[in-house]
Number of protein chains: 2
Amino acid sequence: MIMVSPVYLSIVEDIKTRINSGGLKPGDAVPSEKALCEEYGVSRMTVRKSLTILANEGYIYSIPGKGNFVQEPVLNKYTIFYDEMNNSINSVDQTKLLEVNIIMPDEKLANDLQITKNKNVIMIRRLFYTDGVPVAYDVKYLLYQKGMPIVEKEIEHATFPEMLSTKVSHFALKKELIIHAVIPDEQIKRHLNIYNELALLVVEQKLYSSDNKPMGLGITYFRGDYIKLQGISQ
Amino acid sequence: MIMVSPVYLSIVEDIKTRINSGGLKPGDAVPSEKALCEEYGVSRMTVRKSLTILANEGYIYSIPGKGNFVQEPVLNKYTIFYDEMNNSINSVDQTKLLEVNIIMPDEKLANDLQITKNKNVIMIRRLFYTDGVPVAYDVKYLLYQKGMPIVEKEIEHATFPEMLSTKVSHFALKKELIIHAVIPDEQIKRHLNIYNELALLVVEQKLYSSDNKPMGLGITYFRGDYIKLQGISQ
DNA sequence: AAGTGGTCTAGACCACGAC
DNA sequence: TCGTGGTCTAGACCACTTC
């Protein structure tokens, strides 16, 4: 049994090697598709399949009528997998629902959710525990819509995107994270049993519908000694 | 002048709509390529181009011999653009090189860099300023290699990946971020002119060569009131 | 006019899965 | 055996860039 890797993949690897070794530098033109066909002895569609992969992986870009060119590498792009219940050093194994309420938003919240101050907003406040220790204080604000689940069972253990599951297709959901660090205020110190100096990692989540209308705002305050977020390139 | 969008894109949009509207649910089989050819009246390569795009965007996956299936949506994936000199609320406009030195690693550092404790490591310590205010304290550890730039000019204003520019192709560089929050120690308080309680956002960067050997470790301590990291879905 | 990439066709053969 | 997706070919026409 011989595993033969498809031709287009070996062409991809070959061109990657030319780029990584410096033979092809950012801005340089890749040989034309016709030239690559002759060089590798394959049809144009095969060469184009290879070039499509290289473009998808960020190695090259194409300008119609001109050619394919080596892309300047992106050095600052990372992928992070975030879920308020799970992170790289710790998982939430218990939650406590502090409050579910319908409120009227204040100035800032109305602005964040792009609504007027007389609209109803669902506020959910929870505590997250690991091994019996309170590790995070969590607040969510959701635009109130008919048919929304305000059943405590459905809310207590749900992550933010899950709370919108009945209203929105998850494929269409756009999300945004804002990460920063603060000193806890008295209320949070009380909830998280903090008696000495400790920093909080704060993660704000904003959910948008496919037409970029805000659907909700979530803020999770993690004890700094109980969370690390991890990002990876590619 | 009429802009005609290519057929394969309209097929992509049509299938996306079927998925977003719930007509096709996660786990469901997408109609076979042959069926799609007949439905849209196009050749198989055109249908396959559409399916490739849907697969690349995470909507579907394929099992050879069985068919194409709707993917379970990933709800926790975000992209973050991080660069120690720039973030969404603030940019570093001035740097101060505190120290460049060759050191022997301690236990933890040797472990992080996967080297023995008798190997040489370059340590670089810097301060970052915005409008004359020190906003971050930055430490880098780089494996010493012949030909490495220890010229202060090349180091002072460089981001971490840039420091390796002479040694590694940036395309091949793998990177990792660890984000957490701490209270500053006395040394950092002194460097950042912190007199009251303030949290630090700490970003650790690890750089790896293409064969997953660690190349360097960087730790940047940002004043919590001067940095916010932003992540977006898709 | 010549060269480039973008789109699309109508086939072909293969490996794999289900029956 | 038949249907499925995976690979590959040898063309074609188009829009665009360059000269």
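Throughout, protein chains are lettered first and strands after them, A, B, ... in sequence-line order, and every chain is numbered starting at 1.
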field: Under the side chain to side chain contact (heavy atoms under 4.5 Å, CB included) test, residues paired with S43(A) that sit two or more places apart
entry: M45(A), T46(A)

task: Applying side chain to side chain contact (heavy atoms under 4.5 Å, CB included), name anything that partners S21(B), two or more places apart in sequence or on another chain.
output: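 None.
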
task: Output the distance between atom CG (D112(B)) and atom NZ (K108(B)), rounded to the nearest 0.5 Å.
output: 4.0 Å

- prompt: Which distance, rounded to the nearest 0.5 Å, do you find between the CD1 of I179(B) and the CD1 of I179(A)?
  reply: 4.5 Å

task: Mind checking side-chain hydrogen bond (donor to acceptor under 3.5 Å, both in side chains) for D211(B) and listing every partner two or more places apart, or none if nothing turns up?
output: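 Here the qualifying residues are S209(B).
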
task: Under the side-chain hydrogen bond (donor to acceptor under 3.5 Å, both in side chains) rule, collect the residues that match up with T220(A), sequence neighbours excluded.
output: D138(A)

Shortest non-hydrogen contact from E84(B) toward K140(B):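 Heavy atoms only, the tightest pair is OE2-NZ, 2.8 Å.
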
message: Quick check for you: among dT4(D), dT4(C), dT7(C), whose closest atom lies nearest to any side-chain atom of S32(A)?
response: dT4(C)

- request: Just compare dT4(D), dG6(D), dC8(C) and give me whichever is closest to any side-chain atom of V7(B).
  value: dC8(C)

Using the test ring pair (Phe, Tyr, Trp, His ring centres under 6.0 Å), find all partners of [X] that sit at least two apart in sequence or belong to another chain.
| X | value |
| --- | --- |
| Y40(B) | none |
| Y129(B) | none |
| F222(A) | none |

Does [X] place a side-chain N or O at less than 4.0 Å from the phosphate oxygens OP1/OP2 of [N]?
| X | N | answer |
| --- | --- | --- |
| S62(B) | dT4(D) | no |
| Y8(B) | dC8(C) | no |
| K49(B) | dT7(C) | yes |
| R48(B) | dG6(D) | yes |
| N68(A) | dT4(C) | no |

query: Within the side chain of E33(B), is there an N or O that forms a donor-acceptor pair under 3.5 Å with the backbone of V47(B)?
result: no

Polar atom pairs between nucleotides 17-19 of chain C and protein, under 3.5 Å, N or O only, would you list them?
none

message: Short of 4.0 Å, heavy atom to strand atom, which residues of residues 53-60 of chain A count as contacting DNA chain C?
response: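 Result for residues 53-60 of chain A: none.
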
Round to a whole Å and report the spacing from [atom1] of [X] to [atom2] of [N].
| X | N | atom1 | atom2 | value |
| --- | --- | --- | --- | --- |
| E33(B) | dG6(D) | CD | P | 6 Å |
| L36(B) | dT4(D) | CG | C1' | 12 Å |
| E38(A) | dG3(C) | CD | P | 12 Å |
| Y40(A) | dT7(D) | OH | C1' | 18 Å |
| K34(B) | dC2(D) | NZ | C1' | 11 Å |

task: Estimate the overall bend of the helix from dA1(C)-dT18(D) to dA18(C)-dT1(D) from the end axes over five pairs each, rounded to 10 degrees.
output: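 That helix gives 0° between its end axes.
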
Each nucleotide N or O in nucleotides 9-12 of chain C that has a protein N or O under 3.5 Å away: list the pair and distance.
residue: dT9(C); atom: OP2; partner: S43(B); partner atom: N; Å: 2.8
residue: dT9(C); atom: OP2; partner: S43(B); partner atom: OG; Å: 2.8
residue: dT9(C); atom: OP2; partner: T46(B); partner atom: OG1; Å: 2.5
residue: dA12(C); atom: N6; partner: R44(B); partner atom: NH1; Å: 3.4

message: Would you say that I11(A) contacts L36(A) through its side chain, given a criterion of any heavy-atom pair below 4.5 Å between the two side chains?
response: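 No; the side chains remain at least 4.5 Å from each other.
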
task: For T130(A) and D93(A), test the side chains for any donor-to-acceptor distance below 3.5 angstrom and give the result as yes or no.
output: no

Expected list for residues 57-78 of chain A: side-chain donor-acceptor pairs under 3.5 angstrom, two or more places apart:
residue: E57(A); atom: OE1; partner: K16(A); partner atom: NZ; Å: 2.7
residue: Y78(A); atom: OH; partner: Q205(B); partner atom: NE2; Å: 3.3

